[in-house]
Amino acid sequence: MQFTAAQIAMIINGKVEGNPDALVSSFGKIEEAQAGQLSFLANPKYEEYLYRTKASLVIINDSQELKEPVNATLIRVADAYSAFATLLSKYQEMATQKLTGIQEPSYISKSAKVGQQVFIGAFSYLGENVVLGNNVKIFPNVFLGDNVKINDNTIIHPGVKIYHDCVIGKNVTIHAGTVVGSDGFGFAPQADGSFKKVPQIGNVVVEDFVEIGANATIDRATIGSTIIKSGAKLDNLIQVAHNVEVGNNTVIAAQAGVSGSTKIGNNVMIGGQAGIVGHIQIADGSKINAQSGVSKSIKTPNAAVTGSPAFEYTSALRSQAVSRKLPDLEKRIKELEQLVKQLLTEKISE
Amino acid sequence: MQFTAAQIAMIINGKVEGNPDALVSSFGKIEEAQAGQLSFLANPKYEEYLYRTKASLVIINDSQELKEPVNATLIRVADAYSAFATLLSKYQEMATQKLTGIQEPSYISKSAKVGQQVFIGAFSYLGENVVLGNNVKIFPNVFLGDNVKINDNTIIHPGVKIYHDCVIGKNVTIHAGTVVGSDGFGFAPQADGSFKKVPQIGNVVVEDFVEIGANATIDRATIGSTIIKSGAKLDNLIQVAHNVEVGNNTVIAAQAGVSGSTKIGNNVMIGGQAGIVGHIQIADGSKINAQSGVSKSIKTPNAAVTGSPAFEYTSALRSQAVSRKLPDLEKRIKELEQLVKQLLTEKISE
Amino acid sequence: MQFTAAQIAMIINGKVEGNPDALVSSFGKIEEAQAGQLSFLANPKYEEYLYRTKASLVIINDSQELKEPVNATLIRVADAYSAFATLLSKYQEMATQKLTGIQEPSYISKSAKVGQQVFIGAFSYLGENVVLGNNVKIFPNVFLGDNVKINDNTIIHPGVKIYHDCVIGKNVTIHAGTVVGSDGFGFAPQADGSFKKVPQIGNVVVEDFVEIGANATIDRATIGSTIIKSGAKLDNLIQVAHNVEVGNNTVIAAQAGVSGSTKIGNNVMIGGQAGIVGHIQIADGSKINAQSGVSKSIKTPNAAVTGSPAFEYTSALRSQAVSRKLPDLEKRIKELEQLVKQLLTEKISE
């Protein structure tokens with residue numbers, strides 16, 4: 001499959017600069033692309049490659065200024081990254097063979113209900129009363145416990161385990177190995193030092209257009225629901241504890257963890273390996289830096305925090321900068337002490 | 001199934017305040033519960049909801065004082081959280097259909113031995129000489145390597161992988177996706193910069209009444225055993241390295257990690273995302289704060305530490321508090337230097 | 001199977017001190033070993049046990065001095081740890097029954113190609129055009145997506161999921177539950193606050209002699225390849241994001257994470273729970289301490305860093321040491337301020 005620059009510009013509503021007949025047949029990163037490949041420039045860090053790339057065609061932002069001559073044909077659009085994503089999506093739709101049908105052996109309980117155009121991979125397990133909407137794709141080795149409901153167009157990758165009574169929305173993607181609905185970590189301490197398990201009888205609700213990465217864990221609620229709201233994006237190896245709520249379009253990077261009953265607002269961004277304690281609120285639009293440890297509620301929307309324990313971003317950075325100079329500050333305090341001692345001594349001796 | 005306040009008070013040995021005939025049929029969180037639901041109050045943070053809840057029945061601590069009138073009927077007990085857990089357990093026992101029998105297809109080697117009242121889910125694998133005690137529940141897609149032994153009443157959730165020769169005690173619960181007995185991370189550095197694998201020929205022993213969360217990893221010992229002692233509770237995504245020992249009733253929160261050969265005492269509490277280096281000892285009753293990095297042995301029982309590297313809790317908190325003022329301290333040192341310089345100059349000019 | 005000290009000395013090219021006919025039949029740690037067991041001493045921390053061990057035979061370094069009499073027969077070699085590893089390897093080869101053949105049920109697509117002496121465990125899935133080299137061992141419950149290629153002598157443990165188009169080298173070991181080739185975390189922010197998925201059409205290439213621990217995640221590249229180079233060793237629960245490169249013989253400890261497009265050099269050592277931001281370079285031989293947060297490129301080879309954010313090791317340690325004294329430093333500044341104020345006041349009053 002080959003496309004001309006003009007054809008691609010039409011798909012992404014862009015403007016060609018250069019040869020409208022330039023041909024491309026695959027994708028490449030701007031720093032590695034070869035002749036016949038299509039690339040893009042969005043991150044200014046990579047601008048130098050624009051002037052040296054071997055790509056035949058490069059999508060750039062309308063606002064991109066050219067400081068040197070460019071060999072490639074260019075297509076200008078409002079948002080190069082987004083336009084490139086659109087092309088990759090179309091490519092993937094064309095390249096991906098439509099998955100449908102039921103592979104054998106699989107285990108589908110008699111009470112399970114399955115929609116149209118569904119795919120169920122080998123060694124997948126559908127418990128009692130499982131319901132799959134239309135166009136749902138269940139890859140091999142997936143476990144769906146009793147009463148699990150999965151809505152239209154959702155993709156469950158291999159080896160995902162979803163415990164009983166959990167509900168997954170439409171157009172959701174869950175990557176391999178992720179566990180949804182495992183018991184929350186609730187134990188009542190006993191007088192003899194042992195712990196008594198608190199049964200976890202709630203569930204997990206994952207709303208529409210959510211994506212969850214690989215080997216993540218989302219615990220079921222003690223009572224009620226752990227909720228991942230519409231449009232949230234969760235990366236690999238993330239921990240979401242019981243009764244947590246993750247807001248709409250909130251993004252959580254890999255290996256971050258959220259403790260029990262914490263409510264995270266909408267459009268929050270949480271960096272990798274960050275941790276958030278239980279029973280707090282995180283306001284809409286908060287930005288939590290990677291490896292931060294958030295120990296109390298963030299009440300002001302759109303605030304940024306960093307550090308462990310986490311504080312307001314700019315002041316935390318200022319403290320971190322001074323902390324590099326601590327050995328020097330200690331030395332200066334010692335010198336001051338000597339000078340002041342000397343001044344005091346001289347005063348007495350006067 | 002409906003219960004009266006009087007019936008529930010009898011089960012949990014409590015005292016009714018209000019209408020002993022108040023009826024409940026399900027559970028609800030105090031802030032969300034509706035008429036006909038049973039709730040509880042243990043965390044003082046939630047006390048305000050006691051005066052506004054729509055729950056028909058609320059379990060509270062004996063010591064709870066009432067600052068406003070309460071609509072719900074109350075049941076007073078010594079420990080409301082524990083009593084509520086008891087009720088949830090009874091509910092779960094009644095609601096959960098007894099799982100028994102062997103689903104097909106499954107793979108059970110001829111040399112495997114299986115006790116009474118066992119459940120083996122579809123696509124589960126029992127290697128050579130596997131032994132399952134009575135009342136063991138193996139969910140679908142579980143792998144049990146050769147010579148694995150699982151004792152009575154233990155529940156292995158879907159997709160758990162237990163390598164050969166590991167031993168799991170009685171009344172243990174292991175959640176989905178967890179790996180027990182993978183090779184410890186042992187490599188001998190070679191002169192050319194490469195690494196030679198050190199075979200890991202030990203095993204993992206998980207004692208009775210242990211609970212392990214989802215997608216955790218417990219490595220087998222190089223020689224001997226990695227041991228999780230009786231009553232320990234491990235949360236999701238935890239790493240336990242080779243030859244580690246975790247003491248009785250020790251609790252480890254999500255995403256924490258323990259490096260090789262470290263011995264953790266009894267009744268230790270380890271916060272989420274904490275890390276502990278290898279080859280050290282952690283005394284009984286230690287409290288390790290979330291995200292701490294413990295780099296040396298904790299020798300005094302019941303000590304608390306925080307920070308990375310971790311130090312004694314109170315002094316670490318005091319240092320953290322001052323570190324917020326570092327930019328101000330630096331400024332004050334500069335001012336002092338100028339004043340002292342001025343004093344010295346004047347002295348000379350005198 | 002029993003061996004004499006003389007036989008073992010021959011295998012590892014060592015020199016016997018004591019009884020060449022001493023018999024051993026199993027392995028033990030020096031602090032726990034019993035009569036009839038073989039042990040070793042490499043870590044000087046354990047030297048005291050050399051004089052008290054019940055092991056019949058102990059392998060020690062040529063350079064080991066004896067401060068007290070030793071009961072065990074000794075074998076001296078240049079590198080005791082490496083020699084012991086050699087013996088364990090030979091033991092494991094002898095003890096492990098040769099795994100070959102195809103267990104039923106398994107799912108092997110008609111277009112899959114399988115080499116000689118291959119093992120395919122029950123409930124494993126080989127998609128279209130999967131290629132397995134000679135002597136490859138696929139444990140049960142493994143998923144291999146379309147076009148996956150796995151080269152000679154590689155071992156894939158139970159429940160591993162490898163997405164379509166990924167390539168695994170020779171003599172690789174991947175432990176249970178690990179996911180290779182899940183989608184990179186790429187989303188283009190939209191004007192309404194939502195995110196549009198950027199399709200991830202690249203793959204993962206794992207080169208020869210790599211070992212990857214349990215429940216790790218290695219994301220496929222957006223375009224091109226995420227690459228784990230020859231001889232690299234990755235521990236459990238590690239996150240490797242899209243388009244990352246991990247260099248030859250680089251070692252990454254458990255729960256560490258590397259963000260997108262970062263290039264890690266050769267012979268780098270990364271401690272547990274460390275995090276590395278995206279789009280940076282880490283020079284060959286870098287040492288990154290556990291829990292560090294590396295936020296910018298490390299350009300000088302063989303440098304060591306620690307802390308979050310990470311700085312040069314020695315100076316970071318010095319700052320950390322002073323930070324313990326912060327409450328004291330603050331007090332000293334206050335005292336200086338008072339003294340200086342007093343001096344100034346006296347000056348004015350003079």
Side-chain angles (χ1 to χ4, degrees), chain A residues 105 107 123 125 141 143 145 159 161 163 177-179 182-183 185-188 190 193-201 215-217 219 222-224 237 239 241 243 255 257 259 273 275 277 279 291 293 295 308-309 311 315-316 318-319 321-323 325-326 329 332-333 336 339-340 343 346, chain B residues 27-29 32 43 45 79 81-82 84-86 88-89 91-92 95 103 105 121-123 139-141 157-159 173 175-177 209 211 213-215 231 233 235-237 248-249 251 253-255 266-267 272-273 290-291 308 320 323-327 329-330 333 336-337 340 343-344 347:
Chain A
Y107 184 101
F123 316 122
Y125 181 97
N141 303 87
F143 170 84
K161 277 78 68 175
Y163 282 52
T178 282
V179 174
S182 40
D183 281 359
F185 198 62
F187 300 92
Q190 304 298 294
S194 71
F195 294 90
K196 185 165 136 188
K197 182 173 176 73
V198 180
Q200 307 288 310
I201 66 165
N215 282 349
T217 58
D219 279 350
T222 309
I223 312 172
L237 293 168
Q239 152 74 353
N243 291 96
Q255 297 179 316
S259 302
Q273 298 183 335
V277 301
H279 296 274
Q291 293 192 329
S295 56
S308 173
F311 282 87
S315 80
R318 221 174 278 144
S319 288
V322 180
S323 77
K325 307 186 223 164
L326 272 175
L329 291 184
R332 286 159 66 187
I333 291 171
L336 279 168
L339 288 172
V340 167
L343 282 165
E346 287 170 16
Chain B
F27 299 93
K29 288 186 285 185
E32 296 175 351
N43 186 338
K45 265 187 165 176
D79 179 346
Y81 186 49
S82 195
F84 191 71
T86 300
L88 288 176
S89 295
Y91 172 86
Q92 203 168 42
Q103 293 182 335
F123 316 122
F139 275 79
N141 302 88
H157 281 281
T173 300
H175 281 283
F209 295 99
E211 180 150 346
N215 281 350
K233 309 294 179 192
D235 201 351
N236 299 340
L237 292 168
N248 295 306
N249 299 322
V251 173
Q255 296 178 317
N266 302 326
N267 305 103
Q273 297 183 337
Q291 292 191 330
S308 175
Q320 277 172 14
S323 77
R324 308 274 143 241
K325 307 187 224 163
L326 271 176
L329 291 185
E330 188 186 28
I333 292 171
L336 279 167
E337 284 170 337
V340 168
L343 282 165
L344 285 169
K347 183 147 296 282

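Letters go in sequence order (proteins before strands), and every chain restarts at 1.
- Looking at every heavy atom in both residues, B/Ala214 comes nearest to A/Val179 through CB-CG1, 3.9 Å.
- Contact annotation for A/Gln291: only backbone heavy atoms (N, CA, C, O) come within less than 4.5 Å of a heavy atom of chain B.
- Between chain A and the residues B/Glu330, B/Lys233, B/Gln320, the largest count of heavy-atom pairs under 4.5 Å involves B/Lys233.
- Taking B/Gly231, B/Ser308, B/Ser82 one by one and counting their heavy-atom pairs under 4.5 Å with chain A, the maximum is reached by B/Ser82.
- In this structure, B/Gln273 and A/Gly257 approach most closely via the heavy-atom pair NE2-N, 3.5 Å.
- How far CD1 of A/Ile223 is from CG of B/Leu88: 5.5 Å, rounded to the nearest 0.5 Å.
- In terms of heavy-atom pairs under 4.5 Å with chain A, the best-connected choice from B/Gly213, B/Ala290, B/Ala122, B/Gly272 is B/Ala122.
- Heavy-atom pairs under 4.5 Å with chain B were tallied for A/Gln239, A/Gln200, A/Arg318; the largest tally goes to A/Gln239.
- For A/Lys197, the salt bridge (Lys or Arg N to Asp or Glu O under 4.0 Å) partners two or more places apart in sequence, or in a different chain, are A/Asp183, B/Glu211.
- Of the two parts of B/Pro105, only the side chain, counted from C-beta on, holds a non-hydrogen atom closer than 4.5 Å to a non-hydrogen atom of chain A.
- Residues B/Leu326 and A/Leu326 meet the side-chain proximity criterion, which asks for heavy atoms closer than 4.5 Å.
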Output, in order, the C-alpha distance, side-chain angles, deciding distance and verdict of ring-ring contact (aromatic ring centres under 6.0 Å, His included) for B/His157 and A/Phe143.
-> CA-CA 10 Å; B/His157 281 281; A/Phe143 170 84; 8.6 Å; no
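- Your options are A/Ala188, A/Gly186, A/Gly159, and the one with the most heavy-atom pairs under 4.5 Å with chain B is A/Ala188.
- Judged by distance alone, with hydrogens and angles left aside, the side-chain atoms of B/Gln255 form a donor-acceptor pair with the main-chain N or O of A/Leu237 at under 3.5 Å.
- You'll find the side chain of B/Ser89 reaches within 4.5 Å of the side chain of A/Pro199, heavy atoms only.
- Residues A/Asp219 and B/His175 have side chains not in contact (no heavy-atom distance under 4.5 Å, counting atoms from C-beta outward).
- At a 4.5 Å heavy-atom cutoff, the contact between A/Leu329 and chain B is made by backbone and side-chain atoms alike.
- Between B/Asp235 atom CG and A/Thr217 atom OG1 the span is 7.5 Å, to the nearest 0.5 Å.
- In this structure, B/Thr86 and A/Lys196 have side chains that are in contact, with non-hydrogen atoms separated by less than 4.5 Å.
- Smallest separation of non-hydrogen atoms from A/Phe195 and B/Asn249: CE1-O, 3.3 Å.
- Contacts between B/Asn266 and chain A at a heavy-atom distance below 4.5 Å are absent for every atom of the residue.
- Annotation: side chain of A/Phe185 is in contact with side chain of B/Val251 (closest heavy-atom distance under 4.5 Å).
- Taking chain A as the reference chain and counting heavy-atom pairs below 4.5 Å, the highest number among B/Pro140, B/Gly177, B/Ser323 is found for B/Pro140.
- Only the backbone of A/Ala216 has a heavy atom closer than 4.5 Å to any heavy atom of chain B.
- When atom types are taken as modelled, the side chain of B/Asn141 and the backbone of A/Phe123 share a donor-acceptor pair closer than 3.5 angstrom.
- Most heavy-atom pairs under 4.5 Å with chain A, from the set B/Lys325, B/Arg324, B/Glu337: that is B/Arg324.
- Under the ring pair (Phe, Tyr, Trp, His ring centres under 6.0 Å) criterion, B/Phe209 pairs with no residue at all, not counting sequence neighbours.
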